[in-house]
Amino acid sequence: MPALLEARDLRAGYGPPDVLHGIDFTVEEGGVTALLGANGAGKTTTLRALCGMIRRSGRITLGGERIERAATEEIVRRGVGHVPDGRGTFLELSVEENLRLGAYTRRDRAGVAADMERMFGYFPRLQERLRQQAGTLSGGEQQMLAIARALLVKPRLLLLDEPSFGLAPLIVREIFHILRRINAEERTSILVVEQNASLALDLADHAFLLETGRIVVSGTASAIRQDETVRRSYLGY
Amino acid sequence: MNRNRSAVWGGLGVFAVLVALAFVSSSYHLFQLTMLVVYAVAVLGMVVLTGYNGQISLGQGAFFAIGSYVTAILMANYNWPYWATVPVAAAASALMGFLIGFPALRLGGLYLALTTFALAVAVPQVLKVDALSGLTGGVQGLTMDKAEAPFHLPLTGDQWIYLFTLIVGGLMFLLAWNLTRGRIGRAMMAVREQSTAAEAMGINLAGLKTRTFAVSAMLTGVAGALSSIAVQFVAPDSFNFFLSITLFVGLVVGGVDSIPGALFGGAFVEFLPNIANEISKAAPGAIYGAILIAFMFVMPRGVGGLLSRLARRARKPAVAAE
Amino acid sequence: MNGLLHQISSGIASGAIYASVSLALVMIYQATHHVNFAQGEMATLSTFVALTLIHAGVPFWAAFVITVVLSFGLGVAVERVLMRPVMNAPVLTSVGVFIGLLLVINALDGWIFGFTIKAFPSPFHSAHPLLGGLVSPHELGETGLTVVVLLLVWAFFRFTPLGLAMRAAAHNPVSARLCGVNVSRMLGLGWGLAAAIGAAAGIMVAPVVFLDPNMMSGILLYAFAGALLGGVDNPFGAVIGGFIVGVLENIFGAYIVGTELKLTVALIIIVAVLLVKPTGLFGRAVQVRV
């Protein structure tokens with residue numbers, strides 16, 4: 001499979017010191033890649049760097065085009081949907097307005113309407129709460145809203161920052177089930193950051209492991225699952 | 001320790017020079033110097049508030065007005081001696097500061113700036129109001145007698161007024177310096193830097209801020225009282241919104257967190273109107289505005305900040321040489 | 001009784017003006033957490049431009065539209081040149097910059113257009129007394145026009161994608177960017193819109209209070225009071241607050257403190273709101289960022 005996203009020697013950080021010390025990785029077209037690691041390893045930083053939300057250097061290509069100098073909104077327009085850390089809900093706006101913002105960059109009204117319907121197919125609860133203020137939603141519902149909002153961008157690549165964070169196991173299972181469907185049905189490539197490695201490896205076909213800003217292990221999901229370091233530190237058996 | 005000692009010597013040196021000026025200046029220059037010290041004390045009140053507490057007052061002219069009017073009313077209507085009015089003026093402006101500060105400072109942020117902005121706009125109206133004109137003299141204002149040197153000292157009235165202003169002003173600087181250095185000063189700075197952490201450490205945030213604002217209002221009120229004694233006249237239009245803004249510009253130019261900077265701020269407030277008139281007769285306000293914006297962009301810590309940078313460099317010549 | 005009704009109706013008329021300026025202030029506060037102390041002076045400058053156009057022979061409504069458009073440009077320019085660099089600076093810096101802008105515009109107004117108080121024409125005339133003589137033609141027309149402007153602004157924010165994007169950029173700029181919204185362009189638009197609303201308010205109030213460089217300083221104060229009363233983070237509340245302040249100002253002025261102390265009413269309202277209900281009538285609890 002060809003690489004949709006390719007990062008070479010990616011360095012990034014918030015102040016002068018780098019958090020990422022030059023990492024290389026690819027996300028394959030149509031695939032699901034998991035980015036694993038402990039707290040503070042640089043997982044969220046990687047996603048933010050890809051979207052131009054922080055200072056970064058190196059080379060990032062999306063579908064062959066360089067994006068490392070583009071502004072966040074430009075990267076989004078080129079087809080990256082980002083479900084950020086903390087879900088990024090517009091708390092004061094209604095659920096419907098949150099979704100409409102997802103489709104802000106698009107001009108195809110009919111396409112948006114159809115996609116909106118498809119989102120309700122994945123997440124029927126959002127349709128029930130369409131007029132409600134998004135701040136009143138539960139954590140799981142906000143996560144669903146964030147995923148739907150990012151998908152309405154019509155992204156080629158979906159970035160997910162800890163979709164399981166703070167959610168009950170049942171909800172987490174439901175969300176990951178939907179993510180698998182989305183990957184299969186929409187052919188959207190996914191890069192998912194997770195602390196819960198076993199969950200992420202179930203979804204992913206490829207994975208890599210970050211430790212203090214460097215990639216220490218990478219390979220197919222099944223190979224990573226067998227890896228001694230990963231098994232002991234992150235899978236706990 | 002070393003730094004404290006040099007600050008003491010520096011302060012005494014400046015004070016001595018200012019005292020010496022009393023004996024070599026013409027009465028016109030003495031008046032200018034008197035007003036310089038008056039405005040320096042007024043700006044000092046804002047340094048205590050903004051520099052050590054992070055709050056902004058856009059209505060300091062109102063406290064200046066209260067101090068001025070208390071002195072003027074007591075002198076003109078009740079024949080009080082000038083020196084006895086100063087503590088009353090101080091207490092009255094401190095009280096007003098407390099009353100205005102209490103509601104606004106519970107909330108932080110821009111609320112104090114907004115409230116004091118309103119106060120500054122409203123005060124001239126209150127001073128003009130007919131119902132109070134028996135006390136305030138209404139639009140006409142009040143005229144007072146000139147202060148004279150006590151104990152048959154061989155000083156002219158102008159010299160004595162200048163020296164009196166200098167002594168009271170010096171005491172105010174000493175007070176502010178002590179306040180910001182001690183336990184309260186450390187608490188004040190903690191509030192400025194990290195108010196939530198300071199609160200977690202048991203500092204009563206709103207209470208401390210309100211008291212600081214009362215001190216700030218008191219200092220500016222004392223400046224107002226001194227100005228009344230020097231000018232021997234008060235009228236509502238001297239205390240319009242522009243006075244508050246001028247003091248604010250003086251604060252920024254002198255340096256928001258610099259006690260010595262307040263002297264530069266005072267000099268700026270006293271002399272800039274002349275200079276601005278020289279540059280542009282038509283629009284001196286534009287000069288003020290342009291200076292304010294330029295300082296914010298280029299020298300946000302003002303002259304005081306520049307001086308302390310130079311002083312640090314002088315103490316460490318080796319580092320500067322690199 | 002008729003006297004009271006008269007005070008209320010002219011309170012609503014001036015309240016419409018305060019509501020507009022409150023809205024302009026709150027729009028900017030919501031998006032940037034800065035208060036534009038120069039909002040009033042910007043509106044005064046716009047009003048001078050309108051008067052100059054009218055004196056040059058431009059018909060009133062054409063002058064109105066041209067001025068509003070030019071003011072929009074002024075707002076965008078102020079955001080680009082002055083606001084952008086101090087966006088993340090301490091509060092003192094932004095207050096300093098806006099007070100500086102207030103001084104500069106105020107002085108330039110006086111320099112270019114003079115300090116004398118000028119009459120300003122009203123576009124609203126009527127041969128018959130309106131509502132039984134309760135309101136003047138200008139009061140009625142001015143209130144009507146201002147309400148239309150406010151409704152248009154509301155509809156813009158409520159129903160258009162651009163309005164939605166501007167709200168999103170104000171509430172959560174990071175997320176807005178991730179939806180492809182150009183947040184900095186939205187801020188510029190917000191400033192432009194605020195200046196345009198202020199310009200309309202200035203032109204509408206000038207026939208009543210007459211035009212001079214300090215025309216808006218008192219009005220800005222009432223607008224602050226209105227914004228605090230309604231809730232500083234709620235544009236709808238700010239508008240209602242502006243109307244309430246207008247009515248209170250007139251009733252207090254007529255029956256309690258006298259017209260001499262009208263500005264003090266604004267101060268009292270501000271202090272009372274801060275004491276009794278600091279979030280305002282429609283605001284949410286004050287959020288503190290650590």
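All values reported here derive from a predicted model rather than from experimental measurement. Just so we're on the same page: letters track the sequence lines, and every chain starts at 1. All values below were derived from every heavy atom in this structure, side-chain atoms included, with hydrogens, water molecules and symmetry-related copies excluded.
The closest side-chain heavy-atom distance from A:Arg48 to A:Asp85 is below 4.5 Å.
Of the two parts of A:Leu93, only the side chain, counted from C-beta on, holds a non-hydrogen atom closer than 4.5 Å to a non-hydrogen atom of chain C. For C:Arg185, no part sits under 4.5 Å from any heavy atom of chain A, backbone or side chain. With a 4.5 Å cut-off on non-hydrogen atoms, C:Val181 touches chain A through its backbone and its side chain both.
Centroid-to-centroid, the aromatic rings of C:Phe37 and C:Phe224 come within less than 6.0 Å.
C:Asn36 contributes no side-chain N or O that, together with a main-chain N or O of C:Leu25, makes up a donor-acceptor pair within less than 3.5 Å.
Considering only heavy-atom pairs separated by less than 4.5 Å from chain A, the leading option among C:Asn172, C:Leu178, C:Leu162 is C:Leu178. Among C:Ala165, C:Pro161, C:Ala168, the residue with the largest count of heavy-atom pairs under 4.5 Å with chain A is C:Ala168.
For the 3.5 Å distance criterion, the side chains of C:Ser22 and C:Tyr222 fail to qualify, holding no donor opposite an acceptor.
Among pairs with a residue in residues 117-126 of chain A, those fulfilling side chain to side chain donor-acceptor pair (under 3.5 Å) read A:Asp115-A:Arg118, A:Arg118-A:Glu186, A:Tyr122-A:Glu185, A:Tyr122-A:Glu186, A:Arg125-A:Glu174, at least two apart in sequence or across chains.
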